[in-house]
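First comes the structure, then the notes that go with it.
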Amino acid sequence: MTNWKEIDEKAKIWVREAGQRIRDSFESTLSIQFKSNPNDLVTNMDKEIEQFFIRKIQETYPSHRILGEEGYGHQIDTTDGIIWIIDPIDGTMNFVHQQRNFAISIGIYENGIGYIGLIYDVVHDELYHALRGEGAFMNEIRLPMLKQVSIEEAILGINPVWVTENPRVDYELIAPIVRKVRGTRSYGSAALECAYVAAGRLDGYLTMRLAPWDFAAGIILIEEVGGVVSDINGEKLDILSKSSFFGGEKQFHQQIVKDYINK
Ligand code: 2AM
Ligand code: CA
Ligand code: CA
Ligand code: CA
């Protein structure tokens, strides 16, 4: 039997320690590089923090595997065993430009089932965390179950790029949703947006392009407060694949998928 409580305690200590390292780094000069294009940034801190987690995990749990955005973990193509899915800094552009609105995101899965979700808002020292079956918390405060919300009363997290011409989705599909909801917000960190859904600050978060490390923790948090997570078509997410993502309050989620996507 896996001792999830023990893993959870260790993971929280490491996340807070990593957060301290990031806060300390604000004093020093960042080294910034481009990845796939000039808007796709990575810094020395993204890499250092991922390597920090890999060292901790391998020292303590040598049989666990690690999937990290920056590629220092393992090559993973099956969900067997325990896998830590890590985004060392989610919202790197915010980290570079704003020194806020970014998070450390860690989801821990066993045989494809999510057990632990941690999203740490480093600057605000707010740790959103969930343990399968035990509920979700922000620091020590338990997050209440989500309350039913209609489309007209909902706030949706969405990047405006999805209502412009783009290769991933017909924007005429998305624009009516944006027009119908009470309001939209875009924070630039998928993990934080998922945490905000779990905390009831957003009623949903919709995006056409995410990777496993962006949503691995968020799925667990949202589900622990009764929310629903799927791809844009309402289909189950594959935890090892990039895809579209839609997480939110159950009634809101169902209504959007039925009336606007699969109409
Ligand atoms: P990152 O900062 O870890 O790269 C910004 O809207 C959000 O999308 C962030 O969570 C960002 O994560 C993520 N993101 C940025 N580029 C992406 C890409 N090419 N594919 C998927 N997600 C991306
Ligand atoms: Ca990135
Ligand atoms: Ca990310
Ligand atoms: Ca990242």
Side-chain angles (χ1 to χ4, degrees), residues 14-15 18-19 21-22 25 30-54 66-73 84-107 117-123 126 128 156-164 166-169 171 174 178 184-198 201-202 204-222 229 231-232 237-248:
W14 298 339
V15 164
R21 285 175 180 235
I22 294 174
S25 82
L30 270 181
S31 152
I32 304 163
Q33 293 170 314
F34 303 148
K35 290 171 87 178
S36 60
N37 66 67
N39 302 329
D40 187 4
L41 309 177
V42 64
T43 74
N44 56 305
M45 287 309 291
D46 297 71
K47 297 175 186 176
E48 281 173 42
I49 295 298
E50 180 163 314
Q51 288 169 319
F52 165 83
F53 283 114
I54 290 172
I66 303 153
L67 175 62
E69 178 182 5
E70 306 311 338
Y72 297 103
W84 296 58
I85 304 178
I86 299 180
D87 194 336
I89 298 183
D90 181 64
T92 298
M93 194 187 291
N94 290 344
F95 171 62
V96 170
H97 285 259
Q98 308 181 322
Q99 293 82 48
R100 70 195 67 202
N101 299 323
F102 64 88
I104 298 170
S105 176
I106 299 184
L118 301 169
I119 297 173
Y120 186 39
D121 179 339
V122 169
V123 169
E126 290 177 340
Y128 299 86
L156 177 65
I158 188 168
N159 185 322
V161 75
W162 307 126
V163 283
T164 66
N166 73 81
R168 287 181 197 267
V169 67
Y171 64 89
I174 305 296
V178 168
T184 57
R185 296 290 183 270
S186 183
Y187 296 96
S189 158
L192 273 186
E193 290 174 281
C194 287
Y196 290 178
V197 170
R201 296 178 197 159
L202 291 174
Y205 172 57
L206 173 61
T207 180
M208 296 313 301
R209 183 192 61 189
L210 282 190
W213 40 83
D214 297 313
F215 56 65
I219 291 176
I220 301 164
L221 276 150
I222 292 172
V229 170
D231 70 6
I232 176 110
L237 290 168
D238 171 356
I239 193 59
L240 298 181
S241 302
K242 295 186 179 178
S243 79
S244 59
F245 178 92
F246 182 29

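Just the heavy atoms: all of them, side chains too, but no hydrogens, waters or symmetry mates, feed the values below. Order of appearance sets the numbers: ligands from 1, and atoms from 1 within every ligand.
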### Message
What's the separation between atom OG1 in Thr43 and atom CD1 in Ile22, rounded to the nearest 0.5 Å?
### Response
8.5 Å
### Task
Report, as yes or no, whether the 6.0 Å neighbourhood of atom CZ on Arg201 holds more than 12 heavy atoms from other residues, nucleotides or ligands.
yes
#### Entry: Residue Glu70, metal the Ca ion (ligand 4), N/O/S under 3.0 Å
no
### Query
Is there a heavy atom of Ile89 sitting under 4.0 angstrom from any atom of ligand 1?
yes
### Query
Should the proximity of Glu69 to ligand 1, defined as any heavy atom under 4.0 Å, be assigned to the side chain, the backbone, both, or neither?
side chain
### Task
Could you find the nearest protein heavy atom to atom 1 (P) of ligand 1 and give me its residue, atom name and distance?
Gly91 N, 3.6 Å
### Query
Can a salt bridge be assigned to the pair Glu70 and Lys35 using a cut-off of 4.0 Å between side-chain N and carboxylate O?
yes
#### Entry: Separation between CG of Asp90 and CD1 of Ile106, rounded to the nearest 0.5 Å
12.0 Å
### Summary
One finds that the ligand 1 atoms under 4.0 Å from a non-hydrogen atom of Ala190 are 9 (C), 10 (O)
### Query
What protein heavy atom is closest to atom 15 (C) of ligand 1, reported as residue, atom name and distance in Å?
Arg209 NH2, 4.5 Å
### Query
Under the 4.0 Å line, does any protein heavy atom show up next to atom 22 (N) of ligand 1?
yes
### Derivation of the side chain to side chain contact (heavy atoms under 4.5 Å, CB included) call for Thr207 and Ile158
CA-CA 6 Å; Thr207 180; Ile158 188 168; over 6 Å; no
### Message
Any heavy atom of Asp90 closer to ligand 1 than 4.0 angstrom?
### Response
yes
### Query
Quick check: does Glu69 put an N/O/S atom under 3.0 Å from the Ca ion (ligand 4)?
yes
### Test log, rule ring-ring contact (aromatic ring centres under 6.0 Å, His included), inputs Tyr196 and Tyr187
CA-CA 10 Å; Tyr196 290 178; Tyr187 296 96; 4.9 Å; yes
### Query
Rounded to the nearest 0.5 Å, how far does CZ of Phe95 lie from CZ of Arg100?
13.0 Å
### Query
Taking heavy atoms and a distance under 4.0 Å, where does Asp87 meet ligand 1: side chain, backbone, both or neither?
side chain
### Task
For ligand 1, indicate whether the residue Ser189 contacts it via side chain, backbone, both or neither (heavy-atom separation under 4.0 Å).
backbone
### Query
Who's the nearest protein heavy-atom neighbour of atom 8 (O) of ligand 1, and how far?
Leu210 CD2, 4.4 Å
### Task
Give the residue, atom name and distance (to 0.1 Å) of the protein heavy atom nearest atom 5 (C) of ligand 1.
Gly188 O, 3.5 Å
### Message
Just verifying a value: how many Å separate Leu192 CG and Phe102 CZ, rounded to the nearest 0.5 Å?
### Response
9.0 Å
### Query
Would you say Gly91 reaches the Ca ion (ligand 4) with an N/O/S atom under 3.0 Å?
no
### Query
Can you check whether Gly68's main-chain N or O pairs, donor with acceptor, with Asp87's side chain at less than 3.5 Å?
no
### Query
Between Lys47 and Glu69, is there a side-chain N and carboxylate O pair less than 4.0 Å apart?
no
### Task
Of all N, O or S atoms in Asp87, identify the one at the shortest distance from the Ca ion (ligand 4).
OD1
### Task
Heavy-atom distances under 4.0 Å are what count here, so tell me which part of Asp214 touches ligand 1: side chain, backbone, both or neither.
side chain
